[in-house]
Amino acid sequence: MKEMKELTSLNMIEDFVQENPMSFLYVSRQECSVCHAVLPRVRELLDHFPDIRLGHIDANAVPEVAAAYSIFTVPVILYFIEGQEVLRKARFIHFEELAEQIEKIYGLNQ
C-alpha cells in the first residue's frame with residue numbers, strides 16, 4: 001500500500017504540497033466511517049502512480065484545513081501538481097472514474 005505521511009499542521013500541509021511535484025491530500029475525520037472505508041482504496045489506487053506523494057490530514061486535529069482548502073465534508077481528496085490543485089473529490093468517490101482522471105493528469109506530467 002502507498003506510503004502515507006501524517007500532516008498535523010497547516011504549515012506541514014502547505015510545505016508538503018510545495019515540496020512534492022505531485023501530491024495527493026486525503027482529509028478525513030476519526031468518527032467518519034466512509035473515511036475509514038475509502039482510505040485503503042485510495043492507498044491501493046495510488047500504488048500505480050509512484051511519483052505521487054500521499055499526505056493524510058485528520059480534520060479534527062487540523063481544523064483550519066477546512067477554511068484553507070474550502071472543505072465542507074469528508075472524506076476529501078485533493079490532487080496537486082506543482083502546488084496547483086488539479087483534482088478534487090469528496091464524500092462518495094467513484095474509483096473507476098478517479099483512476100481514469102488521475103491517469104490522464106499523471107500521464108500529461110511525466
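It should be emphasised that the depicted structure is a prediction, and the values quoted were computed from it without experimental measurement. Numbers here are sequence positions counted from 1.
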Same hydrophobic cluster for [X] and [Y], using side-chain heavy-atom links shorter than 4.5 Å among ILVMFWY?
X   : Y   : result
V86 : L46 : yes
F24 : V34 : yes
I52 : L39 : yes
M12 : V27 : yes
M4  : I13 : no

### Task
Mind jotting down which residue pairs meet the side chain to side chain donor-acceptor pair (under 3.5 Å) criterion with at least one end in residues 4-22? Sequence neighbours excluded, please.
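Those involving residues 4-22 are E6-H56.
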
### Expected output: side-chain Y26 to main-chain R43 donor-acceptor under 3.5 Å
no

Which atom pairs, donor and acceptor, lie under 3.5 Å between side-chain atoms of residues 87-102 and protein residues at least two apart or in another chain?
{"from": "R88", "atom 1": "NE", "to": "E85", "atom 2": "OE2", "distance (Å)": "2.8"}
{"from": "R88", "atom 1": "NH1", "to": "Y69", "atom 2": "O", "distance (Å)": "3.1"}
{"from": "R88", "atom 1": "NH1", "to": "S70", "atom 2": "O", "distance (Å)": "3.0"}
{"from": "R88", "atom 1": "NH2", "to": "Y69", "atom 2": "O", "distance (Å)": "2.8"}
{"from": "R88", "atom 1": "NH2", "to": "E85", "atom 2": "OE1", "distance (Å)": "3.0"}
{"from": "K89", "atom 1": "NZ", "to": "E97", "atom 2": "OE2", "distance (Å)": "2.7"}
{"from": "K89", "atom 1": "NZ", "to": "Q101", "atom 2": "OE1", "distance (Å)": "3.1"}
{"from": "R91", "atom 1": "NH1", "to": "V74", "atom 2": "O", "distance (Å)": "2.9"}

## Note on the structure
Sequence neighbours excluded, the answer for side chain to side chain donor-acceptor pair (under 3.5 Å) partners of N60 is R29, E31

Per-pair distances, 0.1 Å, donor-acceptor, side chain in residues 75-83, under 3.5 Å, sequence neighbours excluded:
none

If you look at every heavy atom in [X] and [Y], which pair is closest and at what distance?
X   : Y   : answer
L54 : F16 : C-CZ, 3.5 Å
L10 : A68 : CD1-CB, 3.7 Å
R53 : K2  : NH1-NZ, 4.4 Å

### Query
When clusters are formed from ILVMFWY side-chain contacts under 4.5 Å, directly or step by step, what else is grouped with M1?
none

### Rounded distance [0.5 Å steps], CD1 in I57 versus OG in S28
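Reported to 0.5 Å precision, the distance equals 8.5 Å.
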
### Query
Do the non-hydrogen side-chain atoms of L25 and V65 ever get within less than 4.5 Å of each other?
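No, side chains not in contact.
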
